[in-house]
Amino acid sequence: MTHIWLRAEPRHHETRVGLTPAGAAEMLAAGFTVTVEDSTDRCIPTSEYSEVGCGIAPLGSWPDAPLDAIIFGLKELPEDGTPLIHRHIMFGHAYKDQPSGRILLDRFKEGGGTLYDLEYLVDLDGRRVAAFGYWAGYAGSAMSLLAWAAQQNGTGLADVQGVSDASDLQERIATALNGQKPTTLIIGALGRVGTGAADLCKALGLSVTGWDIAETASGGPFPQVLQHDIFLNCILARHGTPVFVPASTVTDPRKLRVIGDIACDPDSDFSPIKVYDRATTWASPVLRVHDAPPLDVMAIDNLPSLLPRESSEDFAAQLLPHLLGLDNLGDGVWERARSEFSAHL
Ligand SMILES: NC(=O)c1ccc[n+]([C@@H]2O[C@H](COP(=O)([O-])OP(=O)(O)OC[C@H]3O[C@@H](n4cnc5c(N)ncnc54)[C@H](O)[C@@H]3O)[C@@H](O)[C@H]2O)c1
């Protein structure tokens with residue numbers, strides 16, 4: 001009987017979850033054992049999981065879970081260097097030469113555990129089977145618009161707290177913009193992130209230019225990036241990705257004031273944005289990389305957590321059919337994710 005262990009997320013401001021109580025009930029009915037760590041931060045209360053029959057474990061107790069349990073979380077594990085002995089389903093951010101990724105992989109190597117990286121859970125065509133992209137795009141577009149509005153008022157964007165849902169967020173942006181209409185260029189416009197980013201701009205009646213592979217095929221340079229108020233990077237960077245924003249941009253004549261790097265791979269060599277080197281945080285959402293004229297970069301790496309309930313329900317619905325296939329780890333999406341792990345170990 002396969003045992004799935006839903007761990008709590010240790011990171012501040014991360015309240016998303018990859019399995020809903022309704023999904024847990026389906027797994028229980030299919031014969032899985034489902035353990036859920038208690039968490040007061042999770043956007044779905046622990047009581048809803050116990051009501052459907054899940055076992056409840058103390059917060060952060062997964063290191064003591066039975067060896068055969070599959071530990072399921074979304075974002076990073078506590079960085080305490082301990083060897084990882086279990087099988088883990090999570091976003092590892094470990095395969096694109098990120099320094100923190102190498103540390104994580106070494107912990108797996110030492111403990112003999114396995115990483116099933118959610119980013120590499122793909123179908124036969126290489127397309128991801130479950131992603132938070134749409135809501136990442138929506139939230140990243142929102143944070144970038146709020147950053148632009150704050151800049152017009154001569155202030156920096158502070159922590160955005162207490163957003164109840166997408167319509168609340170949209171109203172807040174409309175109020176902040178106060179009738180101003182910044183122009184936005186989205187690269188990666190045909191993807192999940194790009195679609196969410198564009199949908200919010202369109203809902204607010206703002207002008208959006210959408211580019212995808214065809215428009216960047218020349219390899220650059222791309223002076224059009226400088227001719228928009230906001231640039232949203234929504235691509236999946238890989239070897240050969242052209243540079244969209246070279247280091248010289250900060251001092252170039254430009255209309256550009258805010259870069260929303262929603263793809264957010266600042267420590268990858270493949271990153272197409274060369275004006276900054278670290279992710280930003282909810283407490284400090286933008287990094288000012290130039291004054292006079294200002295240029296702010298918004299690069300938060302867990303953007304969907306701005307709208308935890310919507311994004312969790314969407315992601316969990318996409319993933320559930322595959323979680324129900326966890327009995328057969330040696331095949332399909334799980335086997336492809338394991339072989340990706342082996343290739344990077
Ligand atoms: N910051 C966050 O919180 C967060 C959350 C979710 C996803 N992401 C990241 O966002 C990125 C995009 O994810 P997605 O789910 O939308 O992927 P996706 O595959 O659905 O879409 C990516 C799009 O980018 C396009 N693209 C790729 N290379 C391009 C290029 N050189 N020029 C122009 N277009 C190009 C593709 O054609 C595709 O349409 C990923 O890197 C993902 O890790 C970030």
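Along the sequence shown, the residues carry numbers beginning at 1. Every number for a ligand or one of its atoms is a count from 1 in the order of the listing.
- Considering each of I213, T216, T241, the one bringing a non-hydrogen atom nearest atom 28 (N) of ligand 1 is I213.
- For the pair I300 and ligand 1, a heavy-atom separation below 4.0 Å is found.
- Residue contacts with ligand 1 for R127 involve side-chain atoms from C-beta outward but no N, CA, C or O (heavy atoms, distance under 4.0 Å).
- The minimum heavy-atom distance between L146 and A176, with the atom names listed, is CD2-CB, 3.9 Å.
- Residue contacts with ligand 1 for C234 involve N, CA, C or O but no side-chain atom from C-beta outward (heavy atoms, distance under 4.0 Å).
- Around atom 7 (C) of ligand 1, the closest heavy atom drawn from N233, D261, V193 belongs to V193.
- Rounding to the nearest 0.5 Å gives a distance of 4.0 Å between CZ of F244 and CD1 of I235.
- K255 and D229 are joined by a salt bridge, as a carboxylate oxygen and a charged side-chain nitrogen come within less than 4.0 angstrom of each other.
- For E79, the CD atom sits in a loose shell: 12 or fewer heavy atoms of surrounding residues, nucleotides or ligands are nearer than 6.0 Å.
- At the shortest separation from atom 3 (O) of ligand 1 among protein heavy atoms lies L303 N, 2.9 Å.
- L303 and V193 fall within a single hydrophobic cluster, where Ile, Leu, Val, Met, Phe, Trp and Tyr side chains are chained together by heavy-atom contacts under 4.5 Å.
- Nearest residue to atom 4 (C) of ligand 1 from I262, D212, L306, L190 is I262 (criterion: closest heavy atom).
- Within ligand 1, the atoms closer than 4.0 Å to a non-hydrogen atom of P242 are 31 (N), numbered from 1 in the order shown.
- Annotation: R192 places an N or O atom under 3.5 Å from an N or O atom of ligand 1; distance criterion only.
- Every residue meeting the side chain to side chain contact (heavy atoms under 4.5 Å, CB included) condition with H344, not counting sequence neighbours, appears here in chain and number order: Y95, L105, E340.
- Proximity of atom 42 (C) of ligand 1 to the protein is not indicated, since no non-hydrogen protein atom lies closer than 4.0 angstrom.
- In I235, the parts holding a heavy atom less than 4.0 Å from any atom of ligand 1 are both the side chain and the backbone.
- Within the listing of ligand 1, atoms 3 (O) sit less than 4.0 angstrom from a heavy atom of N302.
- No donor-acceptor pair closer than 3.5 Å links the side chain of E171 to the backbone N or O of D168.
- Of the N or O atoms in R128, none lie within a sub-3.5 Å distance of an N or O in ligand 1.
- Classification of E76 and R11 as a salt-bridged pair holds, one side-chain N sitting under 4.0 Å from a carboxylate O.
- Contact annotation: for E119 versus ligand 1, heavy atoms closer than 4.0 Å belong to the side chain alone.
- Scanning the protein heavy atoms around atom 21 (O) of ligand 1, the nearest turns out to be G191 CA, 3.2 Å.
- Contact check on E110 versus R107 returns no salt bridge, with no Lys/Arg side-chain nitrogen under 4.0 Å from an Asp/Glu carboxylate oxygen.
- Remark: ligand 1 atoms within the under-4.0 Å shell around heavy atoms of P304 are 3 (O).
- Scanning the protein for heavy atoms near atom 40 (C) of ligand 1, the closest one is L236 CD1, 3.8 Å.
- Proximity of the aromatic rings of W62 and H88 is defined here by a centroid distance below 6.0 angstrom, and this criterion is met.
- Nearest non-hydrogen protein atom to atom 5 (C) of ligand 1 is A136 CB, 3.2 Å.
- When the shell of 6.0 Å around NZ of K202 is examined, it contains 12 or fewer heavy atoms from other residues, nucleotides or ligands.
- Counting atoms of ligand 1 from 1 in the listed order, those under 4.0 Å from a heavy atom of I187 are 33 (C).
- Atom CE of residue M298 and atom CG of residue L145 lie 10.0 Å apart, to the nearest 0.5 angstrom.
- On a distance-only criterion, C264 and ligand 1 share no N/O pair closer than 3.5 Å.
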